Amino acid sequence: MIILKNWSEKNMKTILVLHTGGTIAMSEGENGSIVPGKQNPLNSFTNPFTGKIKLDIRNPFNLPSPHMRPTEMLQLKNEIIQAENEGIDGVVITHGTDTLEETAYFLDLTLPSDIPVVVTGAMRSANEIGSDGLHNFQTAIQTAASDEAHGKGVLVVMNDEIHTARFVTKTHTTNVATFRTPTFGPVGSVSKERVTFFSKLIRQIYVPIDHVVDHVYLLKAFAGMGPELFEALANSDTKGVVIDALGAGNLPPATLSGLQQLLDQQIPVVIVSRCFNGTAESIYDYEGGGVQLAQMGAIYCHGLNGQKARIKLLVGLSAQMGPAALKNFVNDATS
Ligand SMILES: NC(=O)C[C@H](N)C(=O)O
């Protein structure tokens, strides 16, 4: 029996559970490969919080997370808003880990409410030794039902740690301790008895959107990079580009003509760093350095990794922000 000491027992809570697929919904086959099954193994979960937490379980789709697109993220957002109008107290989303951070951040930016929304997954499928799926699911439910999780934006709970959707990232291909928050660290932990937050979190900006734009791209800079990829994007239906730039946010000089082509067409170009820790800033004043990139019109996004900055740009463009509003939104380190 799990006793939840810091639990508000006055009212039974209803938690909406959205199963979307991923390893947490897969099993190991005879040849050792991991496969999505017809039956979701999460269906065998017995609610240990009966009497305190009621689960409203739905299966909007069953996708490996490399199959997730912003369209599915928008569908989840709409389903959560609708369920909230029906009176749910919190949400748990089970998700493949490969793109979990992108869905979590998308929801963080686009959900209007303060109810807890917790995303979780697994690194080992249901029938593997040391499978982490049911445990992560259980701790995610605990977190979503805790009063302390209110107003903190979307959270990611994996391996007994609580992370913000904004900064968490998958750091290891297979290890169960894969989800980390570079630079800042986790914001809380979950144990059998309690959900504990170490940090006071500020709720992020909310951006209402009803559709998602396509053709927002992510490029990674490298030593000796030339203009070719920039030129190819400038010659197609590109709506926006994020660049995982070098170090504090610099590019090789040979890219600049291609960058200029994008900017001349009013295509927003966002600079983040390919470094694991730290934030991109326009501080270096040499050819291709951040000072020049910012003067050319590139937008610096502080603290997000490339895949999150792409989600932020995509959300801003989907909300039809004009150039100045988009720059403020992407540039604002508090959102
Ligand atoms: N651990 C996982 O869930 C990885 C899997 N490839 C997925 O993202 O669907």
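Computed from a predicted model, the values in this text were never measured in an experiment. Counting starts at 1 for both ligands and their atoms, following the listed order. Reckoned from all heavy atoms, side chains included, excluding hydrogens, waters and symmetry mates.
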Exercise. Nearest heavy atom to atom 8 (O) of ligand 1: which of Pro64, Pro36, Gly22, Ser65 does it belong to?
Worked result: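 When every heavy atom of Pro64, Pro36, Gly22, Ser65 is considered, Ser65 comes closest to atom 8 (O) of ligand 1.
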Answer yes or no on whether Lys312 is positioned over the face of Phe329, meaning its NZ or CZ is under 6.0 Å from the six-membered ring centre and within 45° of the axis.
->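 Yes, cation above the ring, under 6.0 Å and within 45°.
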Considering both backbone and side-chain atoms of [X], is one of its nitrogen or oxygen atoms within less than 3.5 Å of a nitrogen or oxygen in ligand 1?
X	result
Asp98	yes
Thr23	yes
Lys170	no

Counting only N and O atoms by type, is there a donor-acceptor contact under 3.5 Å from the side chain of Asn175 to the main-chain atoms of Thr178?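 No, Asn175 side chain to Thr178 backbone: no donor-acceptor pair under 3.5 Å.
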Does Gln138 use its side chain to pair, donor to acceptor, with the backbone of Lys192 at less than 3.5 Å?
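Side chain of Gln138 to backbone of Lys192, a donor-acceptor pair under 3.5 Å: no, none is there.
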What are the atoms of ligand 1, with element, lying closer than 4.0 Å to any heavy atom of Ala122?
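Those atoms are 1 (N), 2 (C), 3 (O).
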message: Among Met73, Gln75, His95, which residue satisfies the side chain to side chain contact (heavy atoms under 4.5 Å, CB included) criterion with Thr20?
response: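 Among the candidates, only His95 passes.
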With a cutoff of 4.0 Å, is Gly21 in contact with ligand 1, counting heavy atoms of the residue only?
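No, Gly21 has no heavy atoms under 4.0 Å from ligand 1.
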Pairing donors with acceptors under 3.5 angstrom, does anything connect the side chains of Gln82 and Asn78?
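No, no side-chain donor-acceptor pair sits under 3.5 Å.
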